[in-house]
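Data block below; observations after.
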There are 2 protein chains.
Amino acid sequence: MDETNKVPVGTVPKLADVARVAGVSTATVSRCLNLPDQVKEKTMRKVMDAIDSLGYSPNYSARALAANRTNTVGAIIPTMDNAIFARGIQAFQEELHKSGCTLLVASSSYEEDLEEEQIRTLTARGADALLLIGYHRQPRVYEFLKKRRIPALVAWAYNPDQPQLAVGFNNHAAMKSLAREVLERGHRKIACITAPTGSNDRARDRVLGVKEGLRDAGLDPDGLTIIETNYSIENGAQAFQELMTLDERPTAVMCGNDVLAVGALKAATEMGLKIPDDVSITGFDDIELASVAPVPLTTVHVPHRRMGQFAAQALIETLDSGQTGESHELPTNICFRGTLAPPPEK
Amino acid sequence: MDETNKVPVGTVPKLADVARVAGVSTATVSRCLNLPDQVKEKTMRKVMDAIDSLGYSPNYSARALAANRTNTVGAIIPTMDNAIFARGIQAFQEELHKSGCTLLVASSSYEEDLEEEQIRTLTARGADALLLIGYHRQPRVYEFLKKRRIPALVAWAYNPDQPQLAVGFNNHAAMKSLAREVLERGHRKIACITAPTGSNDRARDRVLGVKEGLRDAGLDPDGLTIIETNYSIENGAQAFQELMTLDERPTAVMCGNDVLAVGALKAATEMGLKIPDDVSITGFDDIELASVAPVPLTTVHVPHRRMGQFAAQALIETLDSGQTGESHELPTNICFRGTLAPPPEK
DNA sequence: ATGAAAAATGTAAGCGCTTACATTTTTGTT
DNA sequence: AACAAAAATGTAAGCGCTTACATTTTTCAT
């Protein structure tokens, strides 16, 4: 009895098993999978039949090792637990999927060291390219990426002065124009609730945007009251309460994102304050929460899904062409809803 | 001049380079990395110095191929673009990280075929284990997983009748008890807005829960008006409008999740209906949106973060011990807020 | 029919790591 | 100091795939 096309049972079939069953060489099987138009139709059929009957699927680790590419893109985001990243990343991965790439996601919990660790991990796992959020990180990280020739793309931020490939928006300019709107309505006592700005350039740029708005209006930017707290509704609420107990109570509270703003809104309601009559509140991002809040939030709209798509395209282009694609600045716009009005008459 | 500890420049250092620089064998370097207490402290130091000076980090593909494990867990979720998955997955990955595992995420967009494809892809990429959402999938998929000996865990659902390892909650029972509350308040004309139930067992179980509640109350479950639509605020709003133009207008609308419910709430406001005086609305999940909605939503609270944590623990236990861990049912509870009240007097 | 070019297929050498087994070094007795 | 046992290290064979190069088969103009 001919044993040549017998295959071990109870184990995961490998490419060599397919080759044996199909009666061809391993190279041919590999070609069927990777360069299908280099094989004859008849051969292809035999191989495909063998693959189906064995339930074979290739081992990507072996493939990655042999071919030195993984068709995997890594993304390191601060947290999935924020609609803006979740949404953008969802779009990013849908777009990648179209090009046959898989996404590897890790999150840094807004911690710089953890982000660096994750970058090394994803690189070691063979990510062909990386999506990173914001510009801020140690120079050694950028050097590492350069040395490894791993294309990296910065998203959620765009700064023409920075050399990195980026797809994002200008946090500074967007917040500045929102600040201008606030100032134009007559507010003079403004406060900010922001995420810690130490290693978060988006948050920092937004605060700087407000300060520059103040300066342009002839006001002292150092007079700006700022509370730093992590993104969460609860923290937003607490920060707002603190602000309201200040001697110089602000008439407008500009928040670093919608989550904080909704928290502020909630605290305001609990304190019996009318928004926007007593205090104005603004957000940033325009997540769903913003439009269904008890008082719909005036905020900066950011095209998160489109950002994810563009980012994927830029990365794939870089990967395919071998040369860095073009950075892309996305527009933001202010959504005027119900939380911004002139300050109360004294 | 001694050339033995020279190393090629301009390339990615590999383990052999580390060995050469440190003056030890490749096996020793490998052990420093994987079995650190099998090497002498002095050796360890030499090796670590070499690793630092070269900027070495191991190639996971090679490691996976040689060791036949990847320390990677895959998760296939319907979409990241829904707070419940984003939040649960975030917790899942934080927990995995503690055990040195990386998470590979893919999303199926609620499409059964795509999910199957993703399962094969993640398996091929060497996921040691898989997190799946809900029970519903082709038997061949479960067979495939079994043959490959890939532990899989079902989350977001728990059904004692199903054999799979699961960490989740009883969608049917949770929704039934919510229905009971609705019925007890006197509602007799109830409608559901749900996600398509064809390949979504969670959605299906929730609807069945309502039907059983109806039956228990002596009502005809087939009389239940059901609108199936994809999860989104807009779709929820539209479905609610449709329901309100029906001849037999329902007095309570039970939604498959909070996103639909918030949409319904929005539509109600636009139509000038008072919630809960004119119509009651209920949700499911208890995402942030639910508590900050214009009328805080009465909904079923699901412990998403804890589910993610438990799921990670169960999977790691399975991986470490080699035998299937224990399923775990998480409790849900009803959050009574502002959208449920008795029907209006006629 | 014939032969050269083109197309299809085969052979076999790695890719960078882990690990069984072999060898050397250290430790702790006596 | 000598020896066995234990600890540390080294040697080398793969893991499952891709791909350069070699060989065979097919195609097509003559």
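Here is how names work: the chains are called A, B, and so on, in the same order as the sequence lines, proteins then strands, and each is numbered from 1. Below, all heavy atoms of this structure are taken into account, side chains as well, without hydrogens, waters or symmetry copies.
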Interatomic distance where [atom1] belongs to [X] and [atom2] belongs to [N] [whole Å]:
X	N	atom1	atom2	result
B:R31	D:dA12	CZ	C1'	13 Å
B:Q38	C:dT26	CD	C1'	16 Å
B:L54	C:dG16	CG	P	14 Å
A:L35	D:dT18	CG	P	9 Å
B:D17	C:dC17	CG	C1'	13 Å
A:N68	C:dG16	CG	C1'	10 Å
A:K42	C:dA8	NZ	P	13 Å
B:I51	C:dC17	CD1	P	10 Å

Side-chain ion pair, [X] and [Y], N-O less than 4.0 Å:
X	Y	value
B:D17	B:R20	yes
B:K98	B:E94	no
A:E116	A:R120	yes

Exercise. Which residue lies toward the 5' end of DNA chain C, B:S30 or A:A66, if each is placed at its nearest nucleotide?
Worked result: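 By nearest-heavy-atom nucleotide position, the 5'-most residue is A:A66.
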For this session: Would you mind telling me which residue lines up with the more 5' stretch of DNA chain C, B:A64 or B:K40, judged by nearest nucleotide?
Result: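 Of the two residues, B:A64 wins.
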Exercise. In Å and rounded to the nearest 0.5 Å, what is the CD1 to CZ distance from A:I76 to A:R137?
Worked result: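 Answer for the CD1-CZ pair, A:I76 versus A:R137, is 8.0 Å.
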Report the nucleotide, chosen from [options], that has the shortest atom-to-atom distance to any side-chain atom of [X].
X	options	result
B:A27	C:dG16, C:dT19, D:dC17	C:dT19
B:R63	C:dA8, C:dC17, D:dT9	C:dC17
A:T28	C:dT18, D:dG16, C:dT9	C:dT9
B:T26	D:dA12, C:dG10, D:dG10	D:dA12
A:A62	C:dG10, D:dG16, C:dG16	D:dG16

Exercise. What is the nucleic acid contact for A:N59, judged by heavy atoms within less than 4.0 Å: base, sugar-phosphate only, or nothing?
Worked result: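 Answer is sugar-phosphate: A:N59 comes under 4.0 Å of backbone atoms only.
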Exercise. Think A:Y56 has a side-chain N or O under 4.0 angstrom from the OP1 or OP2 of D:dC17?
Worked result: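 For A:Y56, the contact criterion (side-chain N or O under 4.0 Å from OP1 or OP2 of D:dC17) is met.
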Exercise. Are B:Y135 and B:R202 close enough that some pair of their side-chain heavy atoms sits under 4.5 Å apart?
Worked result: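 Answer no - side chains too far apart.
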Exercise. Of B:V24 and B:L65, whose nearest nucleotide on DNA chain D comes first from the 5' end?
Worked result: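 Taking each residue's closest nucleotide, the earlier one in sequence belongs to B:V24.
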Exercise. Mapping B:A67 and B:D37 onto DNA chain D by nearest heavy atom, which one lands closer to the 5' end?
Worked result: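 That would be B:D37.
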